[in-house]
Amino acid sequence: MASVLVPVAYVIIIFGGLFVFSFFYRKHTATKVYEPYFPTHPERNAYVTLLQKTDPPAHDALLKSALLRRAMADVQRVLRIREDKPALQNLLQKGSIGDDLWNSLLAAEKELEVEIMEVVAEANSFVEGWGQVIFPTANEMLANEKMRAVFERTNETKAEIAEARYELKSSKAIADAPAPSHKPSNGLLSPTSPESAITSDNEGSVNSKSGKKTKKRK
């Protein structure tokens with residue numbers, strides 16, 4: 001009988017300890033405040049500020065534009081969570097990151113679900129049915145902004161390449177230019193050149209010899 005009670009008591013103690021540990025761990029994690037995954041939401045704050053203006057109240061067109069900007073920011077956050085969640089889950093399984101970052105991402109995901117529902121409700125308050133198309137519209141606007149940014153960067157890159165080519169051609173033209181000549185433009189030798197010095201010496205010697213011959217004839 002004692003041989004049967006010992007394993008049963010051992011199993012009860014093990015499972016009881018695990019249950020107590022999980023209870024206190026869940027209680028501790030439930031009360032713990034994690035650092036937000038997305039620190040602030042300026043687009044939501046701007047919309048709420050415009051919505052609370054009463055003297056004078058904000059125009060509907062301005063409110064719609066602010067709400068659309070808020071939806072665009074939410075779309076960016078959804079894409080960010082979709083990209084980060086698999087990578088963080090893999091790192092968590094390897095033990096490279098702690099539970100705080102993972103729990104922060106899960107909390108941000110839940111907050112984003114509530115945020116999307118609020119945006120849909122606000123859109124329907126302006127125009128019935130706008131809540132169903134506001135996020136696809138925001139996604140298209142984000143894609144257009146990305147394409148515009150790529151196009152602008154392409155133009156800047158083309159301008160830089162053209163400027164670099166012009167500088168390269170200028171430096172090559174300067175390098176291929178002929179060296180300046182030291183000869184006079186009329187084709188005569190300069191007085192200081194060696195040839196002119198030799199010529200003048202020869203003429204002097206000839207003149208001296210002719211002078212001597214004239215003296216002897218006299």
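These numbers come from a predicted model, not from an experiment.
Atom OG1 in Thr49 sits 11.5 Å away from atom CZ in Arg44 (nearest 0.5 Å). For the atom pair Leu112 CG and Asp74 CG, the distance stands at 5.5 Å (nearest 0.5 Å). Atom CD1 of Ile134 is separated from atom CZ of Phe126 by 9.0 Å, given to the nearest 0.5 angstrom. Between the CG atom in Asn103 and the CG atom in Leu92 there is a gap of 8.5 Å [rounded to 0.5 Å]. Atom CG of Leu105 sits about 13.0 Å away from atom CG of Asp100, to the nearest 0.5 Å. Separating the CD atom in Gln93 from the CG atom in Leu88 is a distance of 11.5 Å, to the nearest 0.5 Å.
A donor-acceptor distance shorter than 3.5 angstrom exists from the side chain of Ser125 to the backbone of Glu122, with no hydrogens or angles considered. A donor-acceptor pair under 3.5 Å is formed between the side chain of Thr137 and the backbone N or O of Val133.
Residues Gln132 and Asn124 meet the side-chain proximity criterion, which asks for heavy atoms closer than 4.5 Å. Annotation: side chain of Tyr47 is not in contact with side chain of Val119 (no heavy-atom distance under 4.5 Å). Residues Asn139 and Met72 are not in side-chain contact: their nearest non-hydrogen atoms beyond the backbone lie 4.5 Å or more apart. Within the 4.5 Å cutoff, the side chain of Trp130 has no heavy atoms near those of the Val120 side chain. Contact check for Phe38 versus Glu111: no side-chain heavy atoms found under the 4.5 Å cut-off. Taking the side chain as every heavy atom from C-beta outward, Lys146 and Phe151 never approach each other to under 4.5 Å.
Under a 4.0 Å N-O distance rule, the pair Arg70/Glu115 qualifies as a salt bridge. A salt bridge links Asp84 with Arg80: the distance from a Lys NZ or Arg NE/NH1/NH2 to an Asp or Glu carboxylate oxygen falls below 4.0 Å. Ion pairing between a basic and an acidic side chain is recognised when a charged N comes within 4.0 Å of a carboxylate O; Arg69 and Glu145 show such pairing.
Judged by distance alone, the side chains of Tyr37 and Glu109 never bring a donor and an acceptor atom under 3.5 Å apart.
In terms of hydrophobic clustering, with Ile, Leu, Val, Met, Phe, Trp and Tyr side chains grouped at heavy-atom distances under 4.5 Å, Leu51 and Met117 are assigned to different clusters.
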